Asker: 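Before I ask anything, let me first share the structure, which is written out below as structure tokens.
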Amino acid sequence: MRETLAVIGTGYVGLVSGTCFAEVGNQVTCVDIDEYKIKRLQQAEIPIYEPGLEELVRRNLGEGRLRFTTDLEGAVEQAELVFIAVGTPSLPDGGVDMGQVKAAALRIAPLLGRDKLIVIKSTVPVGTARMLESLLRQHAPQHASFEVVSNPEFLREGSAVRDTFHMDRVVIGSARQKAADRIAKLHEPFAAPVLITDRESAELIKYASNAFLAAKISFINEMANLCDKVGANVESVAEGMGMDHRIGPHFLQAGIGYGGSCFPKDTQAQLRIAENVDYDFKILRSVIEVNRLQRELFAKRIIEALDTPKGSTLAILGLSFKPNTDDVRDAPALDIIRILVEQGVHVHAYDPVALVPAASRLGHQGISYFTDPYEAVAGADAAAVMTEWQQIKRLDLQRLHMLMNRPILLDGRNCFSPAAMAQLGFEYISIGRPSI
Ligand code: UDX
């Protein structure tokens with residue numbers, strides 16, 4: 001059965017899931033309050049860098065299954081399923097700003113007639129579905145019948161389209177089986193296992209998954225720090241651990257820690273959720289602390305490698321929080337650059353796609369931006385890898401060596417082999433692996 005959907009919010013989650021629901025045959029209208037963004041999307045101009053998305057948007061626009069509009073009322077009136085995928089940014093205290101979710105709900109409420117399903121895709125604190133149901137009830141016409149369902153999203157930036165078509169699971173939190181079955185049916189083309197549960201558990205599954213993955217990363221980063229001290233190799237340790245099926249090989253890549261729009265925000269939010277019910281979530285507190293320290297530790301190592309940091313030139317290779325995205329939100333590179341600039345280091349920054357968003361956050365004081373990695377390293381006293389882009393992994397290292405003032409490479413993402421780097425004559429410092 002094909003459904004008519006309104007998707008409120010065209011951020012990562014709304015835009016990708018709306019487009020993918022259209023691709024499998026549903027009629028989808030994506031809504032945003034940002035007129036400029038909607039105008040661009042109507043021309044299939046994608047505001048984010050996301051491999052494969054533009055092609056999908058173009059095709060579904062062309063075939064009439066996908067529309068973009070600022071007319072929320074029109075879209076909701078026509079839709080049977082209304083997805084809320086607006087932003088839930090952090091508040092200064094680490095809590096979740098629910099302003100956009102509530103504003104969307106207040107506009108949807110008067111339009112509720114018969115049997116609409118409101119589906120919450122935004123990452124929201126436990127109890128939101130229940131709270132929204134009573135908010136909608138207060139503002140909806142008296143005889144309106146509707147259900148509020150939780151359906152968290154697990155896609156990753158940079159592989160969002162692929163993740164949607166190869167999702168590990170569909171989580172549906174609902175108070176009524178019929179509503180859950182309808183959302184399960186909508187996901188049938190993605191052929192993923194479906195978990196139907198209560199709404200509170202569904203809301204918590206999203207936070208628990210992100211917190212657990214963040215914990216794996218902080219754990220392996222602490223192991224890397226230990227490896228440095230005892231002369232072991234964290235890659236071998238991770239490989240050996242990952243061979244145990246109960247542990248698994250994923251998210252054991254040591255480096256300078258996690259960033260992005262989800263892990264930092266969601267771990268903080270989960271800590272707040274626990275605090276609000278007087279529970280001290282000790283592991284999560286440490287996960288966050290270790291992630292912060294890992295950035296500082298790398299900055300310290302760079303400063304040590306530059307004999308006299310003040311006035312030195314350092315090339316930074318990679319700015320985005322991970323490869324295949326131009327997202328620099330909470331990217332480790334940005335924090336590390338700030339520390340270095342404060343020490344008087346002059347930074348030459350290179351990234352294949354994230355220069356503009358990075359420059360708008362970091363400014364130009366003490367930082368020059370380069371679209372060519374070789375120009376960035378020319379004359380540098382050291383270079384530091386922050387993101388494992390293919391463009392960086394495939395650099396001509398001999399050329400790099402020739403261009404640098406001093407051939408010192410600090411690798412925050414373990415992109416290169418210590419033996420090969422030693423052979424090329426680099427002083428090579430990586431994470432949790434003995435230098436050769
Ligand atoms: C994450 C979750 O994976 C996704 O399910 C959720 O919906 C949103 O948050 P995303 O933020 O796009 O997705 O990135 P992800 O690929 O998970 O990486 C997050 C961060 O962890 C990156 O900074 C990455 O560099 C870092 N990371 C990841 C490591 O440092 N080591 C690893 O082994 C894996």
Side-chain angles (χ1 to χ4, degrees), residues 11-17 48-51 53 85 87-88 121-124 151-164 166-171 192 202-203 205-225 234-235 237-239 241-242 247-270 287-288 290-295 297-298 318-336 351 354 385-389 392-393 411-415 430-432:
Y12 256 102
V13 169
L15 181 57
V16 174
S17 51
I48 49 175
Y49 176 84
E50 188 61 47
L53 186 58
T88 48
K121 266 227 171 286
S122 306
T123 301
V124 289
N151 174 217
E153 182 56 64
F154 300 98
L155 56 80
R156 287 168 299 179
E157 293 182 20
S159 56
V161 173
R162 200 196 159 277
D163 285 354
T164 306
H166 299 89
M167 49 179 83
D168 285 344
R169 78 297 210 187
V170 181
V171 174
E203 288 163 341
I205 286 168
K206 167 73 188 191
Y207 282 110
S209 304
N210 276 354
F212 191 79
L213 291 170
K216 269 187 115 173
I217 297 170
S218 279
F219 180 85
I220 202 66
N221 284 337
E222 286 223 279
M223 285 306 301
N225 299 341
V234 75
E235 280 182 346
V237 173
E239 191 181 349
M241 285 170 65
I247 298 172
H250 305 291
F251 276 70
L252 289 178
Q253 174 75 46
I256 48 175
Y258 61 79
S261 66
C262 289
F263 285 174
K265 168 170 93 78
D266 294 351
T267 45
Q268 285 290 355
Q270 192 179 330
V287 166
I288 295 167
V290 168
N291 196 56
R292 188 180 61 76
L293 290 174
Q294 198 67 3
R295 297 174 183 197
L297 194 65
F298 195 58
L319 297 167
S320 56
F321 81 98
K322 66 171 190 178
N324 298 322
T325 175
D326 62 353
D327 197 340
V328 295
R329 282 177 287 178
D330 220 329
L334 269 54
D335 270 354
I336 293 168
D351 190 281
V385 175
M386 303 284 174
T387 320
E388 66 276 35
W389 281 98
I392 292 169
K393 287 174 146 180
D411 186 353
R413 298 292 183 183
N414 288 353
C415 292
S430 58
I431 309 285

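Whatever order the structure lists ligands and atoms in, that order sets their numbers, starting from 1. Just so it is clear, the model here is predicted, and its values are computed rather than measured.
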Asker: Return the set of residues passing ring pair (Phe, Tyr, Trp, His ring centres under 6.0 Å) with Tyr12 (not counting sequence neighbours), or none when no residue passes.
Answerer: none

Asker: Could you measure the distance from the CD atom of Glu50 to the CZ atom of Arg162? Nearest 0.5 Å is fine.
Answerer: 12.5 Å

Asker: CZ of Phe321 to CZ of Phe263: how many Å apart, nearest 0.5 Å?
Answerer: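 Going from the CZ atom of Phe321 to the CZ atom of Phe263 covers 8.5 Å.
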
Asker: Exactly which residues line ligand 1, taking a heavy atom under 4.0 Å from it as the test?
Answerer: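 Answer by chain and number: Glu153, Phe154, Leu155, Arg156, Glu157, Lys206, Asn210, Ile217, Phe251, Leu252, Gln253, Gly257, Tyr258, Gly259, Cys262, Phe263, Phe321, Lys322, Arg413.
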
Asker: I need the single residue from Thr267, Asp330, Asn210 that forms a side-chain contact (heavy atoms from CB on, under 4.5 Å) with Tyr258. Which is it?
Answerer: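 Checked Thr267, Asp330, Asn210 against Tyr258; only one passes side-chain contact (heavy atoms from CB on, under 4.5 Å): Thr267.
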
Asker: Given Glu388 and Asn414, is the side chain to side chain donor-acceptor pair (under 3.5 Å) satisfied, shown in steps?
Answerer: CA-CA 8 Å; Glu388 66 276 35; Asn414 288 353; over 6 Å; no

Asker: How many angstroms lie between CG in Asp411 and CD1 in Ile256, if you round to the nearest 0.5 Å?
Answerer: 9.5 Å

